[in-house]
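This one's a predicted model, so the numbers in the text were calculated from it and none came from an experiment.
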Amino acid sequence: MRAPNGTPHDELLVAYFSLEFGVDERLPIYSGGLGVLAGDHLKSASDLGVPLVAVGLFYREGYFGQEIAPDGQRERYATVSPDELGLAPTEVAVEVEIGAETVAAAVWRYDVGNVPLFLLDSDVAGNGAWARGLTARLYGGDRETRLGQELLLGVGGTRALAALGLAADVFHLNEGHAALASLERARALVDDHGLPFAEALERIRRSTVFTTHTPVPAGNEVFDGALAQRLLEPLVERLGVPWETVAELGRSRAGDRTFGLTPFALRTAERRNGVSRLHGEVARRMWAHLWPQARDGGVPIGHVTNGVHAPTWVSPELAHVLESCGVELAAATQTWERARDVDLDELGRVRRLRKEELLAAVRERAGVALDPDVLTIGFARRFATYKRADLVLSNRKELAALLGDDDRPIQILFAGKAHPDDRDGKRMLAEIVKLAGSAEAHGRVAFLAGYDLALARLLVQGVDLWLNVPRRGEEASGTSGMKAALNGTPSLSVLDGWWDEGYAPEAGWAIAGAGADDPVAQDAADAAELFRLLRDDVRDAYDDPARWLALGRAAIERAGTRFTSARMVAEYAERFYLPAHRDAAADDLTPPSRARR
C-alpha cells in the first residue's frame, strides 16, 4: 500500500469508515463493541498486509467517563489533547456543506500498525459554535448534531481521502453511520465524469461493502425527513436530482416520512452482511421488505462472523504458552488446533496468575475482597435492556443462596456503561450497583466502574466463567465471549450471536433462549435454566480442576480456529474486497485523486 503519498488506480485500496474506533484505551473514541470490533479489524488488516485506510472522527471529549454513585451511573467528560494521544496533524483540511452551514475540518492521523487511521476534527478556527461542537462527543448532542456528525464522517471523510491522494476503490461502511459516503462518491462521479446520478450510484454500489451490526431498532439511525432534507439538500442539489430521489433510498417502507441510514446503506451497497450466522438470518427477515420480489432465501444479505484480535486480547503469559505449542496468534492460517497440546498444569498456572491480578484490581477499584478459590463469573456488557444484566435478579432467593453457600459459593463481577440517554439501561445498572452493596450479596458481588479496553482485558483474562444472556435474536454477535474463550475462559451464554455457532459442550454451556410464547415467559424460562446450570452443572465442573481446565483448553482451540479477526479480515478480503476491486476496475470509477471541498 502506498500511503499517504497516493495510490495508483489499478491497486486495491480499501477505505474503512466507522463512527468509532477502539484501538487503544488512551484514545477514547469508542463506546463499546462496534468500536472495539473496528479497532481489531484495523489491527488484523495490518498483520495480514491488507491494503486498507480507515476514516473516523476525533472527539475532543471522547465518550463519557463513568463514575458510580449509590443510585447508579454518573457521566463525566474531559477534554483530551491530540498531541498527548499521539495523533499527528496532516496538511489536509476539508469543507462539508451541512444545511446552510459550511463546516471545515482538520484531519489527524493515527497509525494502527501499518494502517493509517484518519480522524476529522471540526473544532477549528472559522467554524461557528454548532460546527465546532460536532466532534465534541461520541454519540452526544441532539438529532441534528448526530446527522451532522454522520455527514462529516461520510462526506468529509471521502473528501479527505481524495485530498490525501488516496485513491480508494473499495469502501467498507461499518454500520449505517457511514452511509453518506456513497452520496459523496456519487457526487464526484456526477461532477468529475458527467455521469447521470442513476449510473453513478450503480457504479458506486458495486464497489461498496456494508456491514450492519444490530437487529435492535434503536441501533439503526432514523432521522426526521424534513431534518434530513434540510441538512443534505446542498449535496443533493449537486447530484442533479430532486430530493425525493434520494429520500426514497432512505425510506424503509412506502409512505415513510423518515430517512433511515440502514435502508439507505442496504440499497447503495452491492455487498451486505450481518456479523454472525444467526444475525444474517435475522437481518434477512428484518429487511426482506426492501426486496419484495425476493423469494425464500433470496434477500441479498449474507454474514461474516465477527472475530477478535488475538495478540491484543490473549494475556502475555498465555500467548507465550500458545506460541511454544506452535500457535501463530496473528495469522489467518489455521494453527490454533495446536492449542490442544497446551499442558493443563501450565494453563492452570497462567489462569491463577491472571485471576489474582484481576482480584487485586477489584480490591483497589471497588473495595471488595474476593476469594481466588471461589468460582468467579464475569458479566461486562453495554447496559442495554435486551442484554438482560438483571436476569440474575429475577430470583433473588436463588441468587442469595448461590452467593452465600458456605461450601460452594459463586462470585460475580459486573462492568459496563449505559448510554446517558438510556433510562432503562441506567435503571438496570443501578439495580446491579444496589445488589453489590446489599447484605444478600454476601460480599461476593462487585461493580467495576469505567469499563474500557484495559478493564476488559483484565476481566476476560481473569474470570473463571463468562456470562452472556441477551434475548435471542437481539445480540448480533457479541465479541467479549470470544476474548474470554481465547484466554481459556468457558462461557455460559444464550445461543445468540457468535455462541449460536461457537457453542460446544466441551467448551461451555448454552441456554436455548427460544420456545416460549412471549418475551416475559422467555425471560422466566431463561432465568430458570441459568440458575439450574449455575447450581448444578457449572459448579460440579468447577469442583474438578482438571475438568475445568480441559473446558478452558477446548474453548481456546475452538475460539482460535473460528473467531479471530485474522480469519474475519481474510474472509472480507476474499469474499468482498477483491470482487469489489475487480468490479471497480471494470467500471473505472475511481475519481481523480485531488483536493475537494
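- Between R354 and N487 the shortest side-chain heavy-atom distance does not fall below 4.5 Å.
- In this structure, N468 and S491 have side chains that are not in contact, with every pair of non-hydrogen atoms separated by 4.5 Å or more.
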Apply side chain to side chain contact (heavy atoms under 4.5 Å, CB included) to residues N306 and M482 and explain how you reach the verdict.
CA-CA 9 Å; N306 281 345; M482 301 174 186; 4.2 Å; yes
Please assess K43 against S565 for the test side chain to side chain donor-acceptor pair (under 3.5 Å), listing each intermediate value before the final yes or no.
CA-CA 8 Å; K43 292 173 185 178; S565 55; over 6 Å; no
Step-by-step salt bridge (Lys or Arg N to Asp or Glu O under 4.0 Å) determination, D496 to R471:
CA-CA 8 Å; D496 200 11; R471 288 194 180 92; over 6 Å; no
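- Taking both residues in full, the closest heavy atoms of F531 and V392 are given as CZ-O, 3.4 Å, listed atom of the first, atom of the second, then distance.
- The minimum heavy-atom distance linking V23 with L453 is given by the pair C-CD1, 4.1 Å.
- A donor-acceptor pair shorter than 3.5 Å can be found between the side chains of E20 and S31.
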Run S493 and Y503 through side chain to side chain contact (heavy atoms under 4.5 Å, CB included) and show every step you take.
CA-CA 9 Å; S493 176; Y503 165 68; over 6 Å; no
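- H303 has its side chain out of reach of H279: every pair of non-hydrogen atoms, C-beta onward, lies at least 4.5 Å apart.
- Although no hydrogens or angles enter the test, the distance criterion places a donor-acceptor pair under 3.5 Å between the side chain of Q66 and the main chain of G416.
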One pair to check against side chain to side chain donor-acceptor pair (under 3.5 Å): N174 and T211. What are the steps and the verdict?
CA-CA 5 Å; N174 190 44; T211 300; 5.0 Å; no
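- No side-chain donor-acceptor contact under 3.5 Å links R535 to the backbone of L402.
- Partner of H41 under the ring pair (Phe, Tyr, Trp, His ring centres under 6.0 Å) criterion, out of Y16, F17, F21: Y16 alone.
- Looking at every heavy atom in both residues, Q411 comes nearest to D371 through OE1-N, 2.8 Å.
- At distances below 3.5 Å, at least one donor-acceptor pair connects side-chain atoms of Q334 with backbone N or O atoms of T561.
- Among D47, T479, T564, the one residue that satisfies the side chain to side chain donor-acceptor pair (under 3.5 Å) test with H309 is D47.
- We find the CD1-CD distance between I556 and E337 to be 14.0 Å, quoted to the nearest 0.5 Å.
- A salt bridge links R408 with D540; the closest basic N to acidic carboxylate O contact falls under 4.0 Å.
- D373 pairs by the salt bridge (Lys or Arg N to Asp or Glu O under 4.0 Å) definition with R352, not counting sequence neighbours.
- Here the shortest heavy-atom pairing between D526 and R388 reads OD2-NH2, 2.8 Å.
- Using a 4.5 Å heavy-atom threshold, the side chains of R457 and E25 count as touching.
- The shortest distance between side-chain heavy atoms of V460 and T489 does not fall below 4.5 Å.
- Ring-plane geometry between F563 and W498 is classed as perpendicular, the angle between the planes exceeding 60 degrees on a 0 to 90 degree scale with a lower cut at 30.
- No donor-acceptor distance shorter than 3.5 angstrom exists from the side chain of R472 to the backbone of G497, with no hydrogens or angles considered.
- Looking at M286 and I301, their side chains never come closer than 4.5 Å, going by heavy atoms from C-beta outward.
- Rounding to the nearest 0.5 Å places CG of L173 at 13.0 Å from CZ of R271.
- Side chains of L347 and L318 form a contact here, defined as non-hydrogen atoms less than 4.5 Å apart.
- In this structure, R272 contributes its side chain and L266 its backbone to a donor-acceptor pair below 3.5 Å.
- In this structure, L448 and L459 have side chains that are in contact, with non-hydrogen atoms separated by less than 4.5 Å.
- To the nearest 0.5 Å, the span separating CZ on R351 from CG on L344 amounts to 12.5 Å.
- We find the CD-OH distance between E571 and Y577 to be 11.0 Å, quoted to the nearest 0.5 Å.
- Ring-plane geometry between W287 and H289 is classed as tilted, the angle between the planes lying from 30 to 60 degrees on a 0 to 90 degree scale.
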Start with the C-alpha distance between R76 and E67, add both sets of side-chain angles, then the distance that settles side chain to side chain contact (heavy atoms under 4.5 Å, CB included), and finish with yes or no.
CA-CA 7 Å; R76 57 175 173 78; E67 296 176 349; 2.9 Å; yes
Before giving the answer on salt bridge (Lys or Arg N to Asp or Glu O under 4.0 Å), spell out for D405 and R539 the whole-Å C-alpha distance, their side-chain angles and the decisive distance to 0.1 Å.
CA-CA 12 Å; D405 191 312; R539 290 197 302 179; 3.1 Å; yes
Using the rule given for side chain to side chain donor-acceptor pair (under 3.5 Å), can you reason through W548 versus D464, listing the C-alpha separation, both sets of side-chain angles and the distance that settles it, and then say yes or no?
CA-CA 9 Å; W548 192 264; D464 297 309; 4.7 Å; no
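- Under the 3.5 Å distance criterion, the side-chain polar atoms of R338 are left unmatched by any main-chain donor or acceptor of V327.
- Annotation: the span from S477 atom OG to L37 atom CG amounts to 7.0 Å, rounded to 0.5 Å.
- Using modelled atom types, one side-chain atom of S276 and one backbone atom of A476 make a donor-acceptor pair closer than 3.5 Å.
- Side-chain atoms of E501 come within 3.5 Å of backbone atoms of R277 as a donor-acceptor pair (strictly under, hydrogens ignored).
- Counting all heavy atoms, side chain and backbone alike, P420 lies closest to Y63 at CD-OH, 4.2 Å.
- The closest side-chain donor-acceptor pair between D421 and Y139, if any, does not fall under 3.5 angstrom.
- Here the side chain of R553 pairs a donor or acceptor atom with the backbone of V342 at under 3.5 angstrom.
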Please evaluate residues W336 and L322 with respect to the criterion side chain to side chain contact (heavy atoms under 4.5 Å, CB included), reporting the C-alpha separation (whole Å), side-chain torsions for both, the decisive distance (0.1 Å), and the verdict.
CA-CA 9 Å; W336 283 90; L322 290 169; 3.9 Å; yes
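- Closest approach of L551 to A541, counting heavy atoms only: CD1-CB, 4.1 Å.
- Within a 6.0 Å radius of CG in D517, other residues, nucleotides and ligands contribute 12 heavy atoms or fewer.
- Once rounded to the nearest 0.5 Å, the distance linking CZ of F64 with CD of E75 reads 5.0 Å.
- Here the side chain of R558 pairs no donor or acceptor atom with the backbone of A555 at under 3.5 angstrom.
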